[in-house]
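Down below is the structure, laid out as structure tokens.
Both ligands and their constituent atoms are indexed starting at 1 by order of listing.
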Amino acid sequence: MQDRHHGLFITFEGGEGCGKSLQSRMLFDWLVSSNKDVILTREPGGTDLSENIRRLLLVGNINSWDPTTESLLFLAARSDHWFKKIFPALTAGSSVVCDRFQDSSIVYQGICKGVSLDMLDKIYLEITGGKHPDRTYLLDIPPEVGIRRSISRSDNNETRFEKMDIGFHEKVRNAFLELADRYAERYLILDGNLSTDEIHDQIKEDLTQRFHNIFS
Ligand code: TYD
């Protein structure tokens, strides 16, 4: 249940090249144009320190970190991001649109790489006190389509995760779908094969219906 004094916390999740960064940006722009107080941010990243951790994690050798160390780095980045940016914004009544969040750690490090889910949950609880996003949009798309899109982006040097084999990405896709099923009250699954505008329209309609006290 959303606290009426807090802004909305909206996250986007999905596999590589699913279009969530573009959709986060489009949602942010729409909220700004509707005069909503909102920030756009991403994980790993969002603060200077966390952007530095992002570089450590995403540029370079695919096997540079063992999965537990990798998880701790993602969580360290999340902690700085939460305390310096997300929590203060929500408390001040601003909404937050975040490109990836804890569910990415559950899926990539926990379900797909076998890191203890209990450990991931406990550290998350320590950081956030158990606050979860108010709404999570999962952009679902077959991995071969996503990887093709992602690799074709000319400016993309963050390729460590894209280099994992297709079987890994299938696992990621299924794990996100499982999570969306488990937390059905918070998740909406969107077909990433639809056009950008169609997906954006579905998101706007969903938010308007679900949080009509804010969007009326
Ligand atoms: P992102 O910048 O969203 O890349 P893309 O748009 O290509 O999907 O995320 C970078 C990578 O980091 C992505 O492969 C997923 C991974 N990741 C994790 O493994 N765990 C996490 O907790 C987060 C936030 C991201």
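- The part of K20 lying near ligand 1 is the side chain, judged by heavy-atom distances below 4.0 Å.
- Panel note: side chain R135, backbone R186; a donor-acceptor pair is recorded below 3.5 Å.
- Using a 4.0 Å heavy-atom cutoff, R42 is absent from the residues neighbouring ligand 1.
- Within the 4.0 Å heavy-atom criterion, the part of L58 lying near ligand 1 is the side chain and not the backbone.
- Using a cut-off of 4.0 Å between Lys/Arg side-chain N and Asp/Glu carboxylate O, R210 and E205 are scored as not salt-bridged.
- Within the structure, ligand 1 lacks E70 among the residues with a heavy atom less than 4.0 angstrom away.
- Checked by atom type and distance alone, the side chain of S104 never pairs as donor or acceptor with a backbone atom of R100 at under 3.5 Å.
- Taking a cutoff of 4.0 Å between a charged side-chain nitrogen and a carboxylate oxygen, D48 and K84 do not qualify as a salt bridge.
- Distances below 4.0 Å separate heavy atoms of R78 from the following atoms of ligand 1: 22 (O), 24 (C).
- Heavy-atom proximity to P44, at under 4.0 Å, picks out these atoms of ligand 1: 24 (C), 25 (C).
- At a 4.0 Å cut-off, at least one heavy atom of R54 sits close enough to ligand 1 to count as contact.
- Under the 3.5 Å distance criterion, with hydrogens and angles disregarded, a donor-acceptor pair is assigned to the side chains of S50 and T47.
- Salt bridge K20/E13: absent, no basic N to carboxylate O contact under 4.0 Å.
- Residue E43 has no nitrogen or oxygen atom sitting less than 3.5 Å from a nitrogen or oxygen atom of ligand 1, judged on distance alone.
- Side chain of Q102 to main chain of L120: a donor-acceptor pair is present (N/O by atom type, distance under 3.5 Å, no hydrogens or angles).
- Proximity of R100 to ligand 1, defined as any heavy-atom pair under 4.0 Å, is confined to the side chain (atoms from C-beta onward).
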